[in-house]
Amino acid sequence: ILKYHVVPGKVMAADLTSVSPLDTLHPVAQLTVAGRPDQPTVDGAGLAAEDIIAGSGVIHKMDVVLMPVAMTVVEVAAEEGLTHFVSALDAANLTDLLNGTDQCTVFAPNNAAFEAAVTALGEDDLAGVLARADLPEILKYHLVPGRMMADDFVTGEIMSELGANIVVKADGPEVLVNTVEIFDADTRASNGIVHTLGEVMLPPSVMDVLSSREAFAAMATALAAANLTEMFEWANTGGSMFTLFAPTDLAFETLIENDNIPDLEALVAMVNFEYHVVQGKVMVEDLEPGELDTMHPTATLTVAFPESGVTVNGQALGYAPIMAGNGLIYRMDAVLMPVTMTIGDVAAEAGLTHFVSALEAAGMIDVLNGTDQYTVFAPSNGAFDAAVTAFGEDDLAGVLARADLAEILKYHVVSGRMMADDLVVGDVMSEQGASIEVKMDAGEVLVNNREIFDADTKAANGVIHTLGEVMLPPSVSDVLGDSDRFTSLVTALMAANLTEMLGWGKKGGAMYTVFAPTNAAFDTLIDADDEIADMEALFAMPGLAEILKYHVVPGKVMVTDLMVGEVSTMHPTANLTVALPESGATVNGKAVAKADIMAGNGVIHEIDTVLMPAEYDGGDGDGGDDGDGGETDASGTASHGVVVAVALAGAAVRRV
């Protein structure tokens, strides 16, 4: 107790109020100084005599013994019988804060106040109040940083821990906070002061804050006209928190003028303003790129992070959020218009009629009219017209009838919603399975070196970027030509004039499955056959084309689609034999080394053996020794490697 009366250092009376609270020699307790510099009080007691000078300090005479308080705010509240308040602190995870060392002034509602709040908050009982998601916000509105005795209050506003102001009236006989009387003041704790109230104070709701700001008069009117104000009221929220993206009056005026809308009433009839409301309290640091669900039944907001800062639907969040008791408000310089049409509908409205026709012809329209989010690089009508020649077709109808149309269209679709600002240099994976290259050139986004000339056309389930060309995924020829494992095969295909068959220019858009021998497979074949001197001799064989066609199966056959038995090939007479042992699929008894290498117009399965049709098996096809050291099996397969379907060369085929 005596150490509680001693303060380190020489503190004259006139300086006392400038250093409150005062540390003492007591291990935890501090003195609370209030009043004016010329009439200070210490723990509520005045100084009987000031500034008695001593050689080692100064003495201030007191007419009371000062009793240290070692209990925290929470402990003091419990001792004072404020049990509902203590329970609320526990439920809101605020107990540790008020058991800490930071000084805090607490306006603590008594038990009766909490019981009265059950009705005010629309709950059934006290348990409902304590379970509310917004309870921490309500309680933070009762906390003020720093230690303030009743005598320290002056008429005006003080900032709560919530971030909303509390109105203080201190020019009468009683101190009022938000018109609520303090009826038990200055209960001291080691880390603050407790003032007891007879009511639970509710901070301004989202609607209260909006209505109090002149800049949001139109938004307040719009919400009221749309019967959306009640959901923000304390008795109706059920403890829900809200984030409101609120356009300014100027934003409303600009939209009405630019879109020739008669007036605000007409605009309210057009727009579902639930699109501006997000459930939950979403701070800027909580935002993530992508879709943000709203109270609108179908439409979402799009959040992006360009270098200039966070944007919502392309509109910058240029202002700090305005805090409210049950949420927060972002000031927006534009009215956010929900898009309810799907990608297919939006494409049609944007005049991309050939693209829509292609989606319908390929059986993809339902996918892009669904709920999953997609980014679509949609070729314009002019792009499809130009593709007629590139595909070797006679007209647009020929393009729409191609067997590979679905693969081509899937190459223009990426899963997820990416605005132009979200695209970064690198590769993005298309729904077709081949990657699309994204580049930047003088600030413009390029996809596969094509410029996006109409970006960010939003749909309810994605976004459309319009291109001036049809992009073609790598063909079988392209994929083989891009790999150093198939250079011998590519050269053979070119020598046999089969490259074009596996490229994009073939009319009708046929799909192919190629069992592709590696370079090592060709080397093994030459080493094992004395009649083939070298690769040049192999490529000069009169039957080369038939050998290569024996590796090509019509249609796109994934390895999981292979079935036991004979499989027709492009060879005029010879078929492949498929088996499905536990170890994996085999072709002519040879295992597939690497399956399902995707191409735009088919699929490649890598094999380690050149497959030979029966006419090249010594003439008898019986699997015997052919006399030249190159053994074959009964199915006509050269047994020097794993069987693989042949793929077409791609170096000579240009992509559209």
Side-chain angles (χ1 to χ4, degrees), residues 20-21 30 32 71-78 80 82 84-110 113-114 117 121 129-130 132-150 152-154 156-170 175-180 182 184-197 199-206 208-209 212 234 237 239-243 280-286 320-329:
S20 181
Q30 295 175 305
T32 301
M71 292 188 294
T72 65
V73 165
V74 177
E75 293 166 337
V76 167
E80 291 293 308
L82 302 173
H84 292 351
F85 177 66
V86 173
S87 296
L89 292 175
D90 285 339
N93 295 316
L94 293 175
T95 299
D96 289 345
L97 174 67
L98 295 187
N99 273 338
T101 57
D102 291 341
Q103 294 290 316
C104 188
T105 299
V106 180
F107 300 102
N110 61 18
F114 272 95
L121 293 174
V129 173
L130 300 186
R132 288 174 67 95
D134 56 10
L135 183 62
E137 312 301 307
I138 295 172
L139 293 177
K140 287 177 184 177
Y141 190 54
H142 293 74
L143 311 180
V144 175
R147 187 184 185 105
M148 301 178 70
M149 307 292 286
D152 296 328
F153 291 122
V154 295
E157 293 182 341
I158 54 177
M159 183 64 69
S160 70
E161 280 285 336
L162 173 65
N165 287 326
I166 299 171
V167 178
V168 176
K169 186 176 181 182
V175 176
L176 302 179
V177 286
N178 283 358
T179 72
V180 180
I182 297 175
D184 189 1
D186 297 345
T187 303
R188 292 182 296 119
S190 61
N191 61 339
I193 299 292
V194 178
H195 305 293
T196 305
L197 304 181
E199 294 182 36
V200 174
M201 298 188 296
L202 294 179
S205 69
V206 167
D208 295 331
V209 173
S212 69
W234 287 106
T237 64
S240 295
M241 304 285 283
F242 301 96
T243 299
K281 182 179 180 180
V282 185
M283 303 296 290
V284 174
E285 56 268 26
D286 298 326
I322 304 167
M323 304 306 298
N326 57 350
L328 56 86
I329 300 169

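Positions are given from 1, in the same order as the sequence printed here.
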Is it the case that the side chain of [X] and the backbone of [Y] share a donor-acceptor pair, with hydrogens and angles ignored and the cut-off at 3.5 Å?
{"X": "T243", "Y": "V282", "result": "yes"}
{"X": "D102", "Y": "P145", "result": "no"}
{"X": "R147", "Y": "A189", "result": "yes"}
{"X": "W234", "Y": "P204", "result": "no"}
{"X": "R132", "Y": "L121", "result": "yes"}

**OP:** Begin with the C-alpha distance, continue with both residues' side-chain angles, and end with the deciding distance and a verdict on side-chain contact (heavy atoms from CB on, under 4.5 Å) for F107 and I166.
**Re:** CA-CA 11 Å; F107 300 102; I166 299 171; 4.2 Å; yes

| message | Take a 6.0 Å sphere around CG of D286 and say whether it holds more than 12 heavy atoms from other residues, nucleotides or ligands. | response |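 Above 12, so yes.
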
With the side chain counted from C-beta on, respond yes when [X] and [Y] share a heavy-atom pair under 4.5 Å apart, and no when they do not.
{"X": "I138", "Y": "L202", "result": "yes"}
{"X": "M201", "Y": "V177", "result": "yes"}
{"X": "H142", "Y": "V200", "result": "yes"}
{"X": "F153", "Y": "H195", "result": "yes"}
{"X": "Q103", "Y": "P21", "result": "yes"}
{"X": "T72", "Y": "L98", "result": "no"}

- Are N178 and Y141 close enough that a side-chain donor and a side-chain acceptor fall under 3.5 Å?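 The answer is yes; a qualifying pair exists.
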
query: Just checking, is any N or O donor in the side chain of D208 or S205 under 3.5 Å from an acceptor N or O on the other one?
result: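 Indeed, the side chains of D208 and S205 share at least one donor-acceptor pair under 3.5 Å.
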
Distance from [X] atom [atom1] to [Y] atom [atom2], nearest 0.5 Å?
{"X": "E75", "Y": "N99", "atom1": "CD", "atom2": "CG", "result": "5.5 Å"}
{"X": "L143", "Y": "L97", "atom1": "CG", "atom2": "CG", "result": "6.5 Å"}
{"X": "K281", "Y": "E137", "atom1": "NZ", "atom2": "CD", "result": "3.5 Å"}
{"X": "E161", "Y": "T105", "atom1": "CD", "atom2": "OG1", "result": "10.5 Å"}
{"X": "T95", "Y": "N93", "atom1": "OG1", "atom2": "CG", "result": "7.5 Å"}

Output, in order, the C-alpha distance, side-chain angles, deciding distance and verdict of side-chain contact (heavy atoms from CB on, under 4.5 Å) for I158 and N165. CA-CA 6 Å; I158 54 177; N165 287 326; over 6 Å; no

Ignoring hydrogens, what is the shortest heavy-atom contact between [X] and [Y]? Give both atom names and the distance.
{"X": "E80", "Y": "D184", "result": "OE1-OD2, 3.8 Å"}
{"X": "P109", "Y": "L82", "result": "O-CD2, 4.1 Å"}
{"X": "L135", "Y": "A88", "result": "CD2-O, 3.7 Å"}
{"X": "V175", "Y": "A170", "result": "CG2-CB, 4.4 Å"}
{"X": "A150", "Y": "D186", "result": "N-OD1, 2.7 Å"}
{"X": "A113", "Y": "L197", "result": "CB-O, 4.4 Å"}

V73 pairs by side-chain contact (heavy atoms from CB on, under 4.5 Å) with which of N191, I193, V86?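 Option passing the side-chain contact (heavy atoms from CB on, under 4.5 Å) with V73: N191.
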
Practice task
Among T196, N110, L139, find the one that has a side-chain contact (heavy atoms from CB on, under 4.5 Å) with F85.
Solution key: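 Exactly one candidate clears the test, L139.
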
As a quick check of understanding, evaluate side-chain contact (heavy atoms from CB on, under 4.5 Å) for K169 and T179, giving each step before the final call. CA-CA 8 Å; K169 186 176 181 182; T179 72; over 6 Å; no

I329 vs V206, side-chain contact (heavy atoms from CB on, under 4.5 Å): CA-CA, chis, key distance, verdict: CA-CA 7 Å; I329 300 169; V206 167; 4.0 Å; yes

